[in-house]
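Both ligands and their constituent atoms are indexed starting at 1 by order of listing.
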Amino acid sequence: MKLPYAEPYKIKMVEPIRPSTREEREKWIKEANYNLFNLTSEQVYVDLLTDSGTGAMSDQQWAAIMTGDESYAGSKSYFNMKKAIEEILGFPLFMPTHQGRAAENVLFSALIKEGDIVPGNSHFDTTKGHIEFRKAKAVDCTIDEAFDTENLHPFKGNVDIKKLEDVFEQNPHDKIPFIIVTITNNTAGGQPVSLENLRAVKAFADSVGKPVLYDSARFAENAYFIKMREASAADLSIKEIVREMFANADMMTMSSKKDAIVNIGGFIACRSKDLWNQISMFNIIYEGYVTYGGMAGRDMNALAVGLDEGTEFEVLNARIKQVEYLGNQLIEYGIPIQKPIGGHAIFVDALKFLPNLPREQYVAQTLAVELYIEAGVRGVEIGTILADRDPETRQDRFPALELVRMAIPRRTYTNNHMDVVATAMKNLWDRRDSITRGFKILEEAQIMRHFTVKLDRV
Ligand code: F0G
């Protein structure tokens with residue numbers, strides 16, 4: 001008999017978690033104004049809010065923590081991180097920041113002006129936030145296939161080159177500072193971008209003389225999918241694919257809380273010394289001196305090890321297999337999810353789950369709240385609340401999809417936890433006709449309202 005698959009690690013330390021009762025959860029979520037961000041972690045049993053900073057570090061990463069160099073300037077840990085970025089990603093220059101959005105803030109302070117246009121593939125919400133905060137506009141050029149959850153396109157994160165061309169045709173080129181590619185494409189369902197598409201974006205960018213920025217939070221998962229789905233890369237190692245990918249980028253921002261498997265950290269990397277000089281001023285103002293940028297030496301050390309380990313096939317294989325394990329159960333139950341199953345999360349198609357709930361009542365948020373009440377599982381809405389209002393009309397923007405994202409932290413939960421999540425979703429699916437009441441907004445912030453929005457049942 002063929003031996004079954006098992007994870008390439010064993011567990012050295014555990015953190016207790018506690019299930020709660022339905023009555024407790026109903027009370028807690030009401031007190032939280034039906035905003036899952038307002039729950040305390042103790043009120044959550046299986047926390048799938050995010051895979052960001054919630055992964056379990058390896059013994060080698062913890063060992064690196066103990067040898068962190070906390071010198072203000074010129075720390076050894078900075079040079080460990082520099083070496084890892086140069087060797088693994090191929091960028092000669094970098095600047096640490098405390099996380100991904102900080103990298104966006106620093107880089108965009110140098111590159112984006114009021115009235116600019118930044119085309120890309122489904123900009124992540126902090127990316128869009130940092131663009132719109134500068135009174136510039138993010139234009140989504142993701143391929144249409146991404147918005148059909150049943151379409152089995154292997155690279156639904158791809159940029160539609162035709163849409164990109166249209167943006168350049170319709171706008172003065174001096175208003176377009178760069179093109180951004182998010183790998184993997186989080187908002188569209190953790191969907192990868194192919195190597196072929198990365199090359200096509202770079203060729204187009206070269207033809208119009210614009211730099212390409214990769215938002216690289218889940219670049220290693222992207223490389224894994226390239227290996228599994230793109231014939232020309234099947235025999236390459238993950239590290240070889242990563243080098244190929246980044247050879248098509250001029251700069252990158254990174255939230256290291258994902259694929260570098262650390263609890264905090266980020267960076268900007270680039271090839272231009274001029275750009276590095278420009279952003280160093282902003283880094284010093286916003287983050288810290290250029291050799292620590294808001295990170296502790298110990299965290300830079302752990303990040304350097306994480307970049308190396310996180311680009312090993314076995315580590316990625318175990319991670320993505322667990323996401324598939326959950327996704328395949330949901331598919332078996334007939335629950336509508338974004339397919340093919342993405343890298344870091346399962347995205348449930350809430351419009352198909354609750355087709356009769358009006359969109360004005362925040363369909364994905366309603367499903368996410370029901371999931372919490374059912375089993376103490378915390379997912380997150382990727383829908384109308386996250387999409388914010390249109391900055392000009394102040395009307396709700398209804399995105400193409402209403403999704404509930406269940407992001408799986410790396411190496412944190414077992415497949416038994418995944419069984420609880422799948423069963424909870426199945427119970428909701430069986431009683432979906434009884435979910436007829438959504439939510440209305442009581443209070444909200446101007447940008448990124450999802451973090452603090454207060455809701456009540458309609
Ligand atoms: N870009 C992408 C694609 C992301 O997914 C995130 C964060 C960021 C940038 C910002 O990085 O959080 O370190 O400041 N995504 C998390 C998530 C929050 O849950 O998907 P950050």
Side-chain angles (χ1 to χ4, degrees), residues 36-37 44 47-55 95-108 118 120-133 138 140 142 146 156-157 159 180-193 213-222 225 245 249 251-269 283 286-287 293-295 299-300 302-303 306-307 310 319 323 338 342-347 364 368 378-383 385-387 403-410 412 447-448 450-451:
L36 294 149
F37 287 97
V44 177
D47 202 350
L48 308 186
L49 182 68
T50 180
D51 63 326
S52 180
T54 52
M95 206 161 290
T97 61
H98 80 275
Q99 59 184 75
R101 71 199 67 186
E104 291 164 356
N105 185 33
V106 169
L107 183 66
F108 294 0
V118 184
N121 57 339
S122 316
H123 313 61
F124 182 65
D125 57 334
T126 60
T127 319
K128 184 136 104 258
H130 274 296
I131 293 170
E132 291 180 349
F133 186 68
D140 186 3
T142 311
K156 280 172 130 173
V159 178
I180 183 164
V181 188
T182 308
I183 51 174
T184 58
N185 185 332
N186 182 357
T187 315
Q191 298 293 323
V193 180
L213 167 68
Y214 286 178
D215 174 355
S216 316
R218 300 180 184 84
F219 74 94
E221 291 170 7
N222 200 88
F225 284 120
M245 285 162 47
M251 43 196 184
M252 67 178 285
T253 51
M254 174 79 185
S255 168
S256 307
K257 302 167 74 172
K258 287 85 169 172
D259 277 356
I261 325 183
V262 287
N263 302 121
I264 194 76
F267 59 90
I268 302 161
N283 213 43
Y286 292 134
E287 292 294 292
M295 289 186 73
D299 290 325
M300 292 195 281
L303 198 166
L307 272 182
R319 190 268 187 298
V323 178
Q338 170 72 297
H344 65 295
I346 299 300
F347 292 71
R378 173 158 69 170
V380 71
E381 187 246 25
I382 310 265
I385 295 180
L386 181 77
L403 303 167
V404 174
R405 186 185 78 169
M406 299 187 288
I408 321 286
R410 293 163 186 76
T412 305
I447 288 188
M448 291 200 246
H450 57 289
F451 289 119

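- Inter-residue side-chain proximity for Met295 and Leu303 is flagged as met; some heavy-atom pair is nearer than 4.5 Å.
- At a threshold of 4.0 Å, the pair Lys258-Asp51 does not count as salt-bridged, since none of the basic side-chain nitrogens sits closer than that to a carboxylate oxygen.
- For the residue pair His123 and Asp215, no side-chain donor N or O sits within less than 3.5 Å of a side-chain acceptor on the partner.
- Between Asp259 and Glu221 the shortest side-chain heavy-atom distance falls below 4.5 Å.
- When Met254, Lys257, Glu104 are each tested for a side-chain contact (heavy atoms from CB on, under 4.5 Å) with Gln99, only one passes: Lys257.
- The protein residues lying under 4.0 angstrom from ligand 1, judged by non-hydrogen atoms, are Thr50, Ser52, Gln99, Gly100, Arg101, Glu104, Phe124, Thr126, Thr182, Asn186, Asp215, Ala217, Arg218, Ser255, Lys257, Lys258, Arg405.
- By the side-chain contact (heavy atoms from CB on, under 4.5 Å) test, Phe133 pairs with Ile447, sequence neighbours left out.
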